[in-house]
Structure formats: structure tokens, C-alpha cells
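Take a look at the structure set out below.
Just so it is clear: chains get the letters A, B, ... in the order the sequence lines come, proteins before strands, and each one is counted from 1.
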Protein chains: 2
Amino acid sequence: MEDGTSETPGYCSDTDTGYDVSQWDARAGCEVRQILDRIADKWSLLVIALLDRRSLRFTELRREIDGISQRMLARTLRHLERDGLVSRTVYPSVPPRVDYALTPLGVTLHATIQALVTWTEANTDQIAAARVAYDRREAVDRLDADRRAAERDAIAHEVLTGARG
Amino acid sequence: MEDGTSETPGYCSDTDTGYDVSQWDARAGCEVRQILDRIADKWSLLVIALLDRRSLRFTELRREIDGISQRMLARTLRHLERDGLVSRTVYPSVPPRVDYALTPLGVTLHATIQALVTWTEANTDQIAAARVAYDRREAVDRLDADRRAAERDAIAHEVLTGARG
DNA sequence: CGGAATCCGCCACGATACTG
DNA sequence: CAGTATCGTGGCGGATTCCG
């Protein structure tokens with residue numbers, strides 16, 4: 001078994017809490033979290049993207065993804081299958097053959113995710129710029145803080161030695 | 001410091017690897033992963049949703065989210081700020097006041113995410129149904145497997161005792 | 001080939017305490 | 001009020017081994 005639905009407790013306990021927040025993260029936020037956790041985990045997105053092109057076997061996926069372990073591929077596929085996003089077809093041949101494919105639901109999800117991908121591609125530069133700006137500011141601030149701290153300590157030391165001497 | 005950009009190593013090391021996969025997860029997959037990791041972490045989405053309504057102070061966010069720790073709120077806000085999704089405004093008053101607001105970039109991201117929220121709301125029933133169906137099948141399969149295993153062991157035991165007797 | 005079971009390292013997250 | 005610093009922990013993800 002290992003783990004269940006991963007719960008994500010906290011703000012998602014009951015259905016009729018009266019949050020100020022929009023509406024969707026009080027009522028459906030729970031669900032959004034679940035599918036978000038699903039597609040955001042390390043491999044699901046990649047698997048969905050690959051299966052959107054064509055149906056694939058376990059080993060084909062394993063080869064194509066490069067870096068994934070058998071365990072994580074199996075886990076990812078189980079999760080996606082459980083949510084009805086991926087279908088699993090077993091051919092009772094020797095050696096055994098298992099095909100994975102996106103369900104219609106999975107296809108629509110992938111289409112929806114594409115919006116996010118498009119947004120990211122369109123704004124990569126802005127994000128990168130924001131990051132370097134932030135890092136630069138942070139570095140400056142940190143230097144200033146350190147300088148002030150050193151100054152303060154120096155004064156404190158002077159005062160102490162002065163008082164003692 | 002604590003941690004950096006969280007890397008996500010593996011398939012995201014260089015820009016000119018020749019994957020078969022679509023295009024976007026070879027070229028921009030790296031970036032998609034980053035913003036996905038950002039919005040998919042436990043609190044970012046909630047923070048973005050709240051700030052999309054109106055600008056909020058640190059404590060207002062803390063009160064409104066209910067369950068978040070100061071540390072995680074601070075971390076989340078810094079991450080969002082670093083990516084240029086949230087702006088931080090300090091008023092040098094006593095007591096100090098800090099306002100957080102979505103940047104234009106953050107607003108467009110939130111709009112994009114709404115598509116995912118809408119999809120989730122529209123398909124919650126299907127997902128739930130798929131899950132119960134999967135769990136039921138799994139339970140049946142597991143029972144069958146256990147039954148077969150017990151049968152096999154019984155036969156093995158018979159054979160062994162028969163050979164020995 | 002297509003998994004499941006087991007062990008383990010590491011990091012995100014949380015609780016607590018302290019600072020400006 | 002708005003954070004940072006420190007410590008402890010659960011769970012994700014990887015490596016390995018075994019099964020049908």
C-alpha cells in the first residue's frame with residue numbers, strides 16, 4: 001500500500017467553512033490541490049506529455065524519460081490510472097505487454113496544462129529578469145546588514161572595554 | 001540561505017538534448033517545472049488567490065490562511081517575490097507595515113491557473129468515480145491474488161508432506 | 001517484461017525561540 | 001508586526017532485490 005491519497009490536511013477538512021477567499025479554494029481547493037499534487041510531482045507531467053503523442057509500453061516510457069526509476073514510473077502510472085487520466089491495457093502474451101494511454105479525461109487535462117506551459121514560455125524572460133534583480137537586491141541588502149552589524153559590534157566592544165578600562 | 005532554486009536535476013541539465021518528446025518539455029520543461037514547483041507547493045496557490053482579490057499585509061495573510069506557519073508564509077512570499085509574481089512594499093512606520101500584492105505578471109499567472117481550477121471543478125466527479133472504481137478493482141485483484149497464493153502454498157505443502165510421508 | 005516489496009537518504013515542512 | 005535562525009520529523013524519491 002505504502003500511502004493513500006496524501007490527504008494534505010489543514011484548510012481542507014470540511015466542505016462548508018466560510019473562508020473569505022474567492023470560492024474555489026474553499027470548495028474545490030481540496031480537489032485542485034489533489035490534481036495539482038498529481039501533475040506537479042516529479043514525473044507525471046512528463047508521462048502525460050509523452051502519452052499524449054501516442055500509446056506507450058512500460059519500458060518505452062522508461063527508456064524515453066531517462067532518469068526515472070522503475071518504482072517511480074510504476075507509482076506515477078498507478079496514480080494517473082487511479083485518477084482516470086491514464087488507461088492500462090494488459091496483453092496476456094509472452095513476454096507480457098502492457099500499454100499505457102491517455103484517457104479522454106487525460107487528454108483534456110493535458111490540453112489545460114498546455115495553457116500553463118504557454119504562459120511559462122511567454123514569461124520565462126520576465127521571470128528570469130525578476131530573479132536576477134531580486135538576487136542582486138538581496139545581496140546588497142545582506143552586505144549592508146552585515147556592515148551595520150559589524151559597526152554595532154565595534155561600538156559595543158568600545159563601550160565595554162571603555163567601561164572596564 | 002537554506003536552499004536555492006531547487007534544481008530538479010536529471011532531464012533538465014542542458015538545452016540541446018535531442019528528446020523525442022513534444023518540444024516543450026525538452027526546451028521549456030525546465031522552466032515549466034520551476035513555476036510548477038512554485039505554484040504547486042503547499043501554500044503558493046492560496047497566497048496568489050488571496051492576493052488576487054486585494055493587497056494584504058503579512059499578518060492578514062497569516063490569519064486568512066489558517067494553518068500556515070510564519071516560516072512557510074515568509075518563504076512562500078519570498079519565492080513568489082523572487083519570481084516577480086508578488087510585490088513587497090515596506091512602510092517605515094511603527095509598528096512596521098508590509099504590504100504584499102500580485103504583480104501584473106502574477107495576475108496573468110493566476111488567470112492561467114484558473115483554467116486548471118475550472119477543469120478540476122468540471123471533472124471532479126469523473127475523477128472521484130475513477131478512483132472508487134480503481135480502488136474496488138484493486139481490492140478484488142488483491143483478494144484474488146491472496147486466494148491463489150494460499151491455494152498454491154496449500155498444494156506445495158501437500159506435495160512436500162506427501163513426498164516426505 | 002512489468003511490476004511489487006524493502007531499505008534508506010534527503011529535503012520540504014512544521015514548531016519553537018529569538019530579533020529589529 | 002514582520003520577520004530570521006535553529007532543530008526535529010514525515011514522506012518523497014532512488015537503489016536494490018525479488019516475483020509472475
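Within residues 55-63 of chain B, the residues approached by DNA chain D to less than 4.0 Å at the level of any non-hydrogen atom are B:Arg57, B:Phe58, B:Thr59, in residue-number order.
Atom CZ of B:Arg88 and atom P of D:dT4 are 7 Å apart (whole Å). B:Leu80 has its CG atom 13 Å from the P atom of D:dG3, to the nearest Å. Atom CG in B:Asp41 sits roughly 15 Å away from atom P in D:dC12 (whole-Å rounding). Straight-line distance from the NE2 atom of B:His79 to the P atom of C:dC11: 14 Å, rounded to whole Å. Counting to the nearest Å, the C1' atom of C:dA4 and the CG atom of B:Asp141 are 14 Å from each other. For the pair A:Leu77 CG and C:dC1 P, the interatomic distance rounds to 17 Å; values are reported in whole Å. Per the geometry, CZ belonging to B:Arg38 stands 15 Å off C1' belonging to C:dC13, to the nearest Å. Atom-to-atom, CG of B:Asp37 to P of C:dC11 comes out at 14 Å; the value is rounded to the nearest Å.
Within the 4.0 Å cut-off from OP1 or OP2 of D:dT4, not a single side-chain nitrogen or oxygen of B:Arg75 is found. For B:Tyr100, no side-chain nitrogen or oxygen approaches OP1 or OP2 of D:dC1 to under 4.0 Å.
Sorted by first and then second residue, the salt bridge (Lys or Arg N to Asp or Glu O under 4.0 Å) pairs with a member in residues 98-117 of chain A read A:Arg97-A:Asp99; sequence neighbours excluded. Applying the salt bridge (Lys or Arg N to Asp or Glu O under 4.0 Å) test to residues at least two apart or on different chains, none of the pairs has a partner in residues 106-118 of chain A.
Here the nucleotide nearest the side chain of A:Arg78, chosen from C:dG3, D:dG3, D:dC1, is C:dG3. Among the nucleotides D:dG14, C:dC13, C:dC1, the one closest to any side-chain atom of A:Met72 is D:dG14.
Residue A:Pro95 is the one, among A:Ala74 and A:Pro95, whose nearest nucleotide of DNA chain C lies closer to the 5' end (criterion: closest heavy atom).
By the side-chain contact (heavy atoms from CB on, under 4.5 Å) test, B:Asn123 pairs with A:Leu105, B:Trp119, B:Gln126, sequence neighbours left out. Scanning for side-chain contact (heavy atoms from CB on, under 4.5 Å) contacts around A:Ala122 gives an empty result, with sequence neighbours left out. Considering only residues two or more places apart in sequence or on other chains, B:Val94 meets the side-chain contact (heavy atoms from CB on, under 4.5 Å) condition with none of them. Listed by chain and number, the residues in a side-chain contact (heavy atoms from CB on, under 4.5 Å) with A:Thr118 amount to none (sequence neighbours excluded). With sequence neighbours left out, the side chain to side chain donor-acceptor pair (under 3.5 Å) criterion links B:Ser44 to B:Asp41.
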What does the list of N/O pairs under 3.5 Å between the protein and nucleotides 15-17 of chain D look like, with a distance for each?
none

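With contacts defined as side-chain heavy-atom distances shorter than 4.5 Å, the pair A:Tyr134/B:Glu81 qualifies.
If you check the side chains of A:Arg131 and B:Gln34, you find a donor sitting under 3.5 Å from an acceptor.
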